[in-house]
There are 2 protein chains.
Amino acid sequence: MVNISDVARAAGVSKATVSYVLSNDPRITQQTAEKVRKAVRELGYTVNHAARALSANETKTFGIVSPASHSNYLSALFGLHVYLMGECAARCGYDTLFIGSDGADAMRKAWTSKKVDGFILMDVCDDDPRMHLAVDMNIPTVVFGSPKDSFGLDVVDSDFNKEANRIIEFLDEEQHREITLILWSKQIFKRQLGFALRFYDDIMAAARRKSIDVHVISPDDDDADPAQIIEQALNAYSKATAMVIYNEPATIVAPQTFAKIGVKVPEDLRVMTVFPKQLTLSMKIPFASVQTDIRQLAQTAIQLLMSRVANRDAPMANVLFDFPLVVEQ
Amino acid sequence: MVNISDVARAAGVSKATVSYVLSNDPRITQQTAEKVRKAVRELGYTVNHAARALSANETKTFGIVSPASHSNYLSALFGLHVYLMGECAARCGYDTLFIGSDGADAMRKAWTSKKVDGFILMDVCDDDPRMHLAVDMNIPTVVFGSPKDSFGLDVVDSDFNKEANRIIEFLDEEQHREITLILWSKQIFKRQLGFALRFYDDIMAAARRKSIDVHVISPDDDDADPAQIIEQALNAYSKATAMVIYNEPATIVAPQTFAKIGVKVPEDLRVMTVFPKQLTLSMKIPFASVQTDIRQLAQTAIQLLMSRVANRDAPMANVLFDFPLVVEQ
DNA sequence: CTGAAAGCGCTTACAG
DNA sequence: CTGAAAGCGCTTACAG
């Protein structure tokens, strides 16, 4: 494989000059630069990544750290996130290293072996060990999720508070006084996942303010059949005139469940949910929904991380997106 | 950050010895090895990845190359694949580099910069430029999908031929003489994606053998509303007694579509599909389906790639999985 | 059984 | 404006 010496020889300059041209150093004259670029082109030269990383002490790659474990369903969405972040990162000249299991351990290893310049933590929970690791070792890190405290790390997520208020206000205007709320599983709550906790707190507070009665349902288990849970909720709280679903598997199966039982939405029951815009389309979720834009979230995460790498002492960023409530007619 | 010299000093040996211990070289005595390991532990040493890669000329990372472009829906599944492969690779001591857009170009760059030891190509199409690149540059590569010709590259996929036959035989036994077949979009076919082409050919051949009439429908567009397509198919071919859906978005929305129209499955219409087992559960796909195990596919891909890296001259592997047909009662 | 030394392919002060 | 040289942190024949 052709290396920098080959290029230097072909261009009749030193290795240093080649290196300077490659990094667009302004001290090099146009002429010299052009000679070098020609040689690069003709020889098909590409910088050796390991050598550059070793020498320059930066890898131009970001690590995406998955949470310790999660159910099958969560993984599907998670995958989409990873994919989108990979795309955004690529556009910014960064590669993306996927850090699968073991959360904090794998993350520490990737960092101490200098395999990445920084991390994006997926689905952070309160007091997440990965956050503590990042803080302790002063690692550029952006957090996905809404932990109670991010300990100074940059955060990006959707704004649960606004989402919850918007949902409740909409229901209040439609005069619903009794609703049922289908949440993530108890397992998720036990793991203190920020998105589950925050949304729950916010929506309950908002409902209280409007004096709306809320029947709360949280499946015992991640793998519980979401269709059954919806049916049970319908039976148990038959006087509720609206249902808020904040649970992705349940949202996905809800349309077929209602259709099967013969519940007409929204005539018989107003249904509201929070769901990624990108999937709303292909999965035909026909509810009034707050439509999360996961591409925008991904892009922001990458940008925040790039800024953080460039300046470790910049003030902490906390970007919460206020996604729109879309009401299907 | 602590490096190999620090460890050598602390253990009272040379750098070489530390390196040998780390690679479990049998020439080092137990005693020395233990001393070194102790120092490693106490100092919290981790090998610098770039240095090792530069010196040993291997990166212990695999690149996962996404196809040039694909629709939103495809991406969701794609993400799951990436995720699962990352997990499998991690278990085998490999990291996973996600190579987003630009297909062959990004792949060439990752290779010439020596960022990875090999590639897994997602969703390969006939004559895929990424395959040619891999062959031309003799890059260890495993191909996901069923191209007409893999040019000697290792292949892993499900066995479309067997799937198609199994589906048709099942329909034949149930005495269906006229069926409708909903396929991937014309865009997908135009891009010559192996899975779409192979399945289509195989199922038509099998149907011909059993003298079953097939009405074929392929949406013009990836983003066409799959629910409408199903409804149209139902209207256009009302005498068909079975429907085979080989199109993931359509499969996902099919249950709610049938429920809405009042078509009872399987009483009014036998519906068959091919769908990842892992998503069948969470998405409540209630059809007779060939259940692809994407975790197994991912694992096999990683294993094949590891073998290929270890021995470039080994005979080509072509692993096709025969996944079971599961009939929901 | 262990160590001194060369080399992997870059970047970057520093000197001129 | 350009080049000689040190150095990044490892691995690996080779010598002893």
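Here is the naming used below: chain letters follow the sequence lines, and residue numbers restart at 1 for every chain.
- Out of C:dC14, C:dC10, C:dT2, the shortest distance to the side chain of B:T29 is found at C:dT2.
- Taking the six-membered ring for Trp and the full ring otherwise, the centers of B:Y94 and B:F62 sit less than 6.0 Å from each other.
- Base engagement by A:S19 is indicated by at least one non-hydrogen atom pair under 4.0 Å involving a base atom.
- One atom, CG of B:N57, and another, C1' of C:dG7, lie 12 Å apart when rounded to the nearest Å.
- Residue-level contact check: A:R27 touches the bases, meaning some heavy atom is under 4.0 Å from a base atom.
- Dashed line: the shortest gap from a side-chain N or O of B:T32 to OP1 or OP2 of C:dC1 is not under 4.0 Å.
- Residue B:S5 is classed as having no contact, given no heavy-atom separation below 4.0 Å to the nucleic acid.
- In this structure, D:dT2 and C:dA15 make a Watson-Crick or G-U wobble pair, each of the two defining distances being under 3.5 angstrom.
- A salt bridge does not link A:K38 with A:E34: none of the charged nitrogens is closer than 4.0 Å to a carboxylate oxygen.
- For A:T17, no side-chain nitrogen or oxygen approaches OP1 or OP2 of D:dT2 to under 4.0 Å.
- Residue A:Y45 has its side chain nearest to C:dC10 when only C:dC10, D:dG3, C:dG3 are considered.
- Of the candidates D:dA4, D:dT12, D:dC10, D:dT12 carries the atom nearest the B:A56 side chain, counting heavy atoms from C-beta on.
- The local environment of CZ in B:R108 is sparse, with at most 12 non-hydrogen atoms from other residues, nucleotides or ligands closer than 6.0 Å.
- Distance from the side chain of B:S55 is smallest to D:dG9 among C:dG3, C:dT12, D:dG9.
- No more than 12 heavy-atom neighbours from other residues, nucleotides or ligands sit within 6.0 angstrom of NZ on A:K109.
- Between the CD atom of B:E58 and the C1' atom of D:dT12 there is a distance of 13 Å, given to the nearest Å.
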